[in-house]
2 protein chains.
Amino acid sequence: MNASRTARERVRAELIKEITDIARRHLATEGATGLSLRAVAREMGMVSSAIYRYFPSRDDLLTALIIDGYNALGEAVERADAACARDDFFGRWLAVCRAVREWALAHPHEYALLYGSPVPGYAAPQDTIAPAVRDTAVYGRIVADAHHAGRLAPPPICPPPPAVLAEDAEIVRSLMPDVPDDVIARAITAWTGLFGMVSFELFGQFNNTITHRAELFEHNMTCLARLIGLPD
Amino acid sequence: MNASRTARERVRAELIKEITDIARRHLATEGATGLSLRAVAREMGMVSSAIYRYFPSRDDLLTALIIDGYNALGEAVERADAACARDDFFGRWLAVCRAVREWALAHPHEYALLYGSPVPGYAAPQDTIAPAVRDTAVYGRIVADAHHAGRLAPPPICPPPPAVLAEDAEIVRSLMPDVPDDVIARAITAWTGLFGMVSFELFGQFNNTITHRAELFEHNMTCLARLIGLPD
DNA sequence: TATTCGTCAAGAGCACTGCTCTCTAATCGC
DNA sequence: GCGATTAGAGAGCAGTGCTCTTGACGAATA
C-alpha cells in the first residue's frame with residue numbers, strides 16, 4: 001500500500017521535475033517574461049490546464065526555478081571555495097567571485113531572475129530565503145575564517161560605521177560569527193561590489209566601453225579584497 | 001502652408017507626449033512587463049491600433065521611456081553635483097551617490113528598466129547610449145577635477161591594473177580626461193559599487209537583513225570614496 | 001474651385017497568454 | 001468490488017501585441 005501510494009506520488013514527482021526542467025530550458029532561451037505555461041505544456045504533450053495540477057500558478061513555477069537557481073549558484077560557489085586551501089583567504093574570495101561571475105555568464109536569464117529587477121506582482125515566498133543566502137554564507141565563512149586566523153588587516157581608510165548599523169550587523173553576524181561591526185560593513189561593500197560588477201557586465205552597462213571584462217573583474221575583485229583587508 | 005504643416009505636426013508631437021506621459025505613469029505603477037499599449041490607448045480614449053501611428057511597436061515606446069529615464073536620472077545627478085562647491089570633491093561624490101539612490105527609490109520601475117535585467121528580445125538602439133552616460137559623465141568630471149587639483153590620494157592598497165586594460169581606459173578617459181589608468185580602474189570599482197548597492201536595496205536583496213539602508217549606503221559610499229582616494 | 005493624395009482613427013481579426021470551470025477517465029484505499 | 005480521490009481534456013474568459021482594411025478628413029495641386 002505504501003509502495004502503491006508512492007507509485008502515484010513518484011510519477012507526480014517525476015512530472016514536476018520534467019516540468020521544471022523544460023521550464024528552465026525555456027527560461028534559459030527566452031527569459032522570465034517569455035516563460036509560458038502553455039509552451040511548457042505543449043512540449044510535454046499535455047494540455048495547458050493540466051499543468052495547473054502541479055503548479056497552481058505561473059508564479060509558483062517561477063518560485064521553483066528561483067529556488068533551483070539559488071541552489072545551483074550556491075553549489076557552484078561552495079565547490080569553488082572547497083577547492084581552495086583553507087588558509088588561502090584571498091584565493092577563496094577570488095574563487096568565489098569567479099564562480100559567481102562564471103555561473104552568471106553561463107546562466108544569464110537565471111541570474112537575472114535572482115539578482116535582476118524583480119518580476120512585478122511577484123513576491124518571493126519564505127521558501128526562497130534559505131537558498132538565497134547559500135552563496136553569501138560561503139562568503140561570510142571566508143571573512144570570518146580570515147578574521148579568526150588574525151589574517152584580516154583592513155587598511156585604515158574607512159571611518160567607523162555609524163552606531164545604528166550595529167542592529168543590522170547582529171543579523172549579518174549569523175553568517176560570520178564574532179566579526180566586528182566595521183569588518184561587517186566593509187564585507188557588505190565588497191559583496192555588493194561583486195554583484196554590481198557582474199550585473200553591469202550582464203545587463204549591458206559595459207557595452208561599447210569595456211571589452212576586457214575578465215581582466216577588469218579580476219582587478220576590481222582584488223581591490224575589493226584589499227578594502228576588506230584580505231591578505232595576498 | 002508652412003504653418004499648416006506644423007499644425008499637423010504639432011498635434012502629432014502633443015499626442016506623442018501624451019502617450020509617453022501615460023505610459024510612464026503606467027510603468028511607474030505596473031512595471032515594464034505590465035506596460036500595455038492597449039491600456040494606454042484606452043486611457044487616451046483611442047482604439048489600440050491608433051497608437052501604432054505614433055509608436056510602431058511596444059519596444060519603441062519602451063525606448064522612449066528608457067531615454068526619458070536616463071535623462072531624468074542624469075539631470076538629477078547634474079543638479080546634485082551643481083549644488084556643491086566645485087572643490088569639495090568628496091561632497092560632490094556623495095551628492096551624486098545620494099541623487100542616484102533617491103531617484104532610484106522614487107522611480108523604482110524606471111530604475112529597473114535602466115539598470116535591471118534587460119527586457120528579453122529588446123536591443124537598446126543607438127539613441128539610448130548618449131543619455132545613458134549622462135550620470136557617468138558627471139561622475140567622471142568629479143574624478144578628473146579632483147585628480148587635476150592634485151587632491152586625489154589613492155591609498156596604496158591596489159595592485160597596478162593589468163596592461164591590457166589600457167585599451168578600455170582609453171575609451172573611459174573621454175569621460176575623465178588625462179586621468180591615469182589605475183585611477184580609472186578604481187573609479188570603475190566605485191561606480192559599479194554604487195549601483196550594486198542601489199540595486200541590492202531596490203531589488204530586494206536587503207530584505208530581512210538590512211534595515212538602516214540610508215546609513216549603510218552613506219557609510220559604504222564613504223568607503224568607496226576612500227578607495228579611489230577622494231579627500232575628506 | 002474641384003480633385004487627388006497622404007494621414008489618421010476605427011474595427012475586425014490572428015495568434016498568443018494566464019487562468020477557471022466542468023466533465024470524464026483512471027487510480028487508490030478500504 | 002466500491003466509493004473517494006486524482007489526473008487529464010476541453011471549452012471558455014479576459015487580456016495581450018500586432019496587422020490589415022475601411023472610411024473620413026484635411027491639405028496641396030490641377
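Since we're looking at a predicted model, the values are computed, not measured. Numbered from 1 within each chain, the chains take letters A, B, ... in sequence-line order. Every heavy atom of this structure was used, including side-chain atoms; hydrogens, water molecules and symmetry mates were not.
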Protein-to-nucleotide contact annotation, 5' to 3' order, nucleotides 11-21 of chain D [B base; S sugar-phosphate only; - none; under 4.0 Å, heavy atom]: -B---BBBBB-
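Separation of atoms CG (A/L62) and CD1 (A/I67) is listed at 11.0 Å; rounding is to 0.5 Å. The structure places CD of B/E218 at 10.5 Å from CG of A/L165, a figure rounded to the nearest 0.5 Å. Remark: B/I188 CD1 to A/F217 CZ distance equals 14.0 Å, nearest 0.5 Å. Annotation: the span from A/M221 atom CE to A/R101 atom CZ amounts to 9.5 Å, rounded to 0.5 Å.
Ring pair A/F200/A/F206 is perpendicular by interplanar angle, where above 60° counts as perpendicular and below 30° as parallel.
Salt bridge status for A/E75 with A/R79: present, with a side-chain N to carboxylate O gap under 4.0 Å. Contact check on A/D168 versus B/R213 returns no salt bridge, with no Lys/Arg side-chain nitrogen under 4.0 Å from an Asp/Glu carboxylate oxygen.
For the side chain to side chain donor-acceptor pair (under 3.5 Å) test, residues two or more places apart in sequence or in another chain that qualify with A/R24 are A/D21, A/D68.
Spacing between atom CD of A/E9 and atom C1' of D/dT6 amounts to 12 Å, rounded to whole angstrom units. Straight-line distance from the CZ atom of A/F55 to the C1' atom of D/dA7: 16 Å, rounded to whole Å.
Of the residues in residues 12-29 of chain A, those lying under 4.0 Å from DNA chain D by heavy-atom distance are A/R12, A/L15.
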